[in-house]
There are 2 protein chains.
Amino acid sequence: MNEKTSTLEQVAREAGVSPSTVSRILNGTAGVKDSKREAVERAISKLSYQPNKAAQALASGRSMTIGVLTQNIASPFYGECLEGIEKGLSGTGYTPIFANGHWDAKEEAHRIALLISRQVDGLIVLTGGVTDATLVEHARRIPIIVTGRQLQAPNLVSFWLDDAAAAREATQHLVSQGHQQIAHIAGPLDHPDSQARLAGYKAALQAAGLAIDERLIAQGDYSEMSGVLAVSQLLAARVSFSAIFAANDQMAYGARLALYQRGLRVPEDVSLVGFDDLPHSTYLAPPLTTIRQPTFDMGIAAAQTLVDMLLGKAPEPPEMALELVVRDSTRRLR
Amino acid sequence: MNEKTSTLEQVAREAGVSPSTVSRILNGTAGVKDSKREAVERAISKLSYQPNKAAQALASGRSMTIGVLTQNIASPFYGECLEGIEKGLSGTGYTPIFANGHWDAKEEAHRIALLISRQVDGLIVLTGGVTDATLVEHARRIPIIVTGRQLQAPNLVSFWLDDAAAAREATQHLVSQGHQQIAHIAGPLDHPDSQARLAGYKAALQAAGLAIDERLIAQGDYSEMSGVLAVSQLLAARVSFSAIFAANDQMAYGARLALYQRGLRVPEDVSLVGFDDLPHSTYLAPPLTTIRQPTFDMGIAAAQTLVDMLLGKAPEPPEMALELVVRDSTRRLR
DNA sequence: TATTTTTCTGACAACGCTTTCAAGATGATG
DNA sequence: CATCATCTTGAAAGCGTTGTCAGAAAAATA
């Protein structure tokens with residue numbers, strides 16, 4: 001261990017040119033005579049030279065990295081989005097650096113500070129509880145893309161989707177299939193998303209002239225297990241229902257298991273709708289009707305928009321929408 | 001945008017001390033008189049100073065980052081492991097930096113080079129096709145932990161699990177339940193894991209005196225869709241079977257869906273066993289019998305072992321094993 | 001109190017690269 | 001062939017830290 005790496009200066013010496021020239025060849029900053037270029041390239045491969053990114057960042061003031069704040073890297077939801085970001089960044093010279101906020105506003109703020117001290121050139125914040133003010137403040141230094149909120153500020157672009165409308169559509173779908181007793185498994189109510197989805201659910205019921213029965217609203221925390229528990233709770237309440245709209249797919253998975261364990265069939269006995277359209281939802285038995293979130297595309301768009309901002313171009317964030325995907329977990333009641 | 005950040009020198013000036021003193025306070029490198037310490041701390045918070053990591057890395061030669069090469073950050077399998085690594089690293093001062101190899105040996109080698117040019121202090125390589133030689137070569141410069149292979153080299157620790165034995169155990173479990181026609185959905189055969197799992201499957205059949213019927217071995221690629229296809233293929237072959245052992249959970253999910261679509265019940269008509277024990281497997285309907293991979297613990301162990309190596313301690317990689325987890329997707333044949 | 005340790009502290013030289021700046025080389029123009 | 005614009009190139013000054021060195025201050029010892 002501890003063999004030394006070669007430096008730009010060694011390459012220069014090996015090739016018989018000055019360090020500046022090597023740097024110029026590396027960055028294409030200026031024209032260089034072919035003979036020297038070749039000598040340098042030979043020296044580079046001979047010494048298997050790799051530029052020291054820390055030194056480059058320090059000298060140039062640009063690290064060519066993008067900080068990405070997620071909440072939970074292991075969740076399939078964020079995974080998709082990260083893939084999108086990686087894809088959107090590929091070929092631009094920028095590399096993503098991920099950090100986890102674990103759904104804790106303090107932690108998120110700390111992680112963002114860490115990313116910034118790591119000299120990231122831009123920031124992508126995927127939802128989370130960090131305050132708008134903090135983001136606006138940071139945006140004075142580096143461009144920021146934030147998803148899941150509506151926020152107007154200089155040097156900051158936000159991607160927002162209308163969760164309430166989508167939730168209304170999902171519920172509306174069940175209503176149009178003849179369901180009258182529709183249960184809802186809500187997400188944590190300190191999440192704006194969860195609130196919006198709950199509001200959408202209620203709005204659809206009201207629009208259809210159906211009563212809102214609080215006993216049909218169970219509280220979950222977006223985890224599978226909470227979906228299982230929610231169904232137990234709904235069943236224990238002894239209010240009958242023919243459909244469940246879960247505020248995310250993971251809770252729908254849990255609900256599906258709980259129903260299975262009680263011998264209730266989906267969709268014959270209970271129709272089930274989720275939210276997110278995680279990759280797995282296609283493979284659920286039966287495939288899950290859900291709201292498709294364009295997570296992957298959003299990742300791509302976030303990356304591209306941020307790069308545009310870094311290049312000084314006017315950002316043109318594309319329009320993105322949630323849409324209902326009807327599969328086999330819902331059926332017409334008769 | 002483009003407000004300047006404060007530097008150590010500004011802090012020093014503000015506090016009326018030399019930059020060296022500020023550095024010493026930051027790093028606890030030497031004792032400093034309390035009065036100065038307080039002045040510096042006041043200056044730091046006044047200027048909301050954050051040390052520039054790039055400069056620290058350049059000056060100290062240590063970046064306090066660990067490079068982690070995964071294959072696919074969005075896969076639940078890697079997600080678990082990354083969480084473990086993050087957990088194992090928390091509190092050590094080291095931060096993980098993730099890179100994706102996308103199951104391409106060339107790409108992997110490239111990503112590793114990139115991580116190294118980013119001055120990572122250590123490397124964790126989660127499986128993949130990069131050559132042993134490449135890893136051994138890199139280990140001359142920085143400590144490496146690699147999973148999924150048996151490799152002995154200085155400054156390199158490998159975590160290896162006996163996939164063949166576990167696959168034998170899984171198959172054996174089905175045999176002991178009275179199954180005689182057991183199908184296998186294999187993973188991509190250029191993966192050593194897949195080969196080992198297939199070998200374990202065959203070994204168990206042979207040990208039980210059962211014939212190996214190639215028509216009962218379908219080829220998948222570890223994706224859910226390939227599990228769906230594999231079941232179609234097995235069914236089309238018109239050789240009856242009462243159980244399926246899939247080489248990973250994701251293909252088992254696909255198989256479960258395909259069976260559902262054909263009206264075949266799990267476990268009443270077909271018993272199903274997976275491999276990995278992804279978080280979701282507990283929530284499959286029915287919960288999936290599978291081989292538990294200690295992915296999360298492995299992540300923790302990899303991180304801790306690597307940090308030990310970085311601190312010059314003798315690494316003590318813990319023993320880890322695969323184990324069969326029996327749930328409801330398998331049942332005794334009668 | 002004089003002397004020796006021990007503790008603090010500031011100067012200053014790295015770390016490996018980028019980026020002026022200005023000079024030298026080359027080519028185009030009249 | 002002289003003159004001026006354009007390319008190439010190297011020297012040198014940073015970028016923001018750390019870490020060594022040596023002097024200054026404080027504490028301990030004689």
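None of the values given here were measured: they were computed from a predicted structure. First the proteins, then the strands, lettered A, B, ... as listed; each starts at 1.
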Chain B footprint on DNA chain C, 5' to 3' - any atom under 4.0 Å from a heavy atom: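 Going 5' to 3' along DNA chain C, contacts run C/dC8 to C/dG16.
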Sorted by chain and residue number, the salt bridge (Lys or Arg N to Asp or Glu O under 4.0 Å) partners of A/E107 (sequence neighbours excluded) come out as A/R111
Test applied, side chain to side chain contact (heavy atoms under 4.5 Å, CB included); reference residue, B/L89; option that passes from B/I66, B/L306, B/V68, B/I300: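 In the set B/I66, B/L306, B/V68, B/I300, the residue that makes a side chain to side chain contact (heavy atoms under 4.5 Å, CB included) with B/L89 is B/I66.
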Can you list the residues that meet the ring pair (Phe, Tyr, Trp, His ring centres under 6.0 Å) rule with [X], with sequence neighbours excluded?
| X | answer |
| --- | --- |
| B/H138 | none |
| B/F77 | none |
| B/F98 | none |

Qualifying side-chain hydrogen bond (donor to acceptor under 3.5 Å, both in side chains) pairs with a residue from residues 295-317 of chain A, counting only residues at least two apart or across chains: none
Could you name each residue pair satisfying side-chain hydrogen bond (donor to acceptor under 3.5 Å, both in side chains) that touches residues 34-58 of chain A, not counting sequence neighbours?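 Sorted result for residues 34-58 of chain A: A/E14-A/K46.
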Residues 142-150 of chain B, side-chain donor-acceptor partners within the protein, below 3.5 Å, at least two apart:
unit_1: B/T147; atom_1: OG1; unit_2: B/T127; atom_2: N; d: 3.1
unit_1: B/R149; atom_1: NH1; unit_2: B/V130; atom_2: O; d: 2.8
unit_1: B/R149; atom_1: NH1; unit_2: B/D132; atom_2: OD1; d: 2.6
unit_1: B/R149; atom_1: NH2; unit_2: B/G128; atom_2: O; d: 3.0
unit_1: B/R149; atom_1: NH2; unit_2: B/V130; atom_2: O; d: 3.0

Hey, does A/K36 reach any base, or is it just sugar-phosphate, or nothing, if we go heavy atoms under 4.0 Å?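 Sugar-phosphate, backbone atoms only, no base.
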Residue pairs, two or more places apart or on separate chains, that pass salt bridge (charged side-chain N to carboxylate O under 4.0 Å, His left out) and touch residues 64-93 of chain B: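 The answer is none; no pair qualifies.
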Going 5' to 3' along nucleotides 17-25 of chain D, which nucleotides have protein heavy atoms under 4.0 Å from the base (write B), which only from the sugar-phosphate (write S), and which from neither (write -)? BSBB-----
Of B/A54 and A/S18, the one whose nearest nucleotide on DNA chain D sits closer to the 5' end is A/S18
Angle between the end axes of the helix from C/dT1-D/dA30 to C/dG30-D/dC1, five pairs per end, to the nearest 10 degrees?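 Angle reported: 30°, given to the nearest ten degrees.
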Would you be so kind as to tabulate the donor-acceptor pairs closer than 3.5 Å made by side chains of residues 16-26 of chain B, with sequence neighbours excluded?
unit_1: B/S18; atom_1: OG; unit_2: B/S20; atom_2: N; d: 3.4
unit_1: B/S18; atom_1: OG; unit_2: B/T21; atom_2: N; d: 3.4
unit_1: B/S18; atom_1: OG; unit_2: B/T21; atom_2: OG1; d: 3.3
unit_1: B/S23; atom_1: OG; unit_2: B/N27; atom_2: ND2; d: 3.3

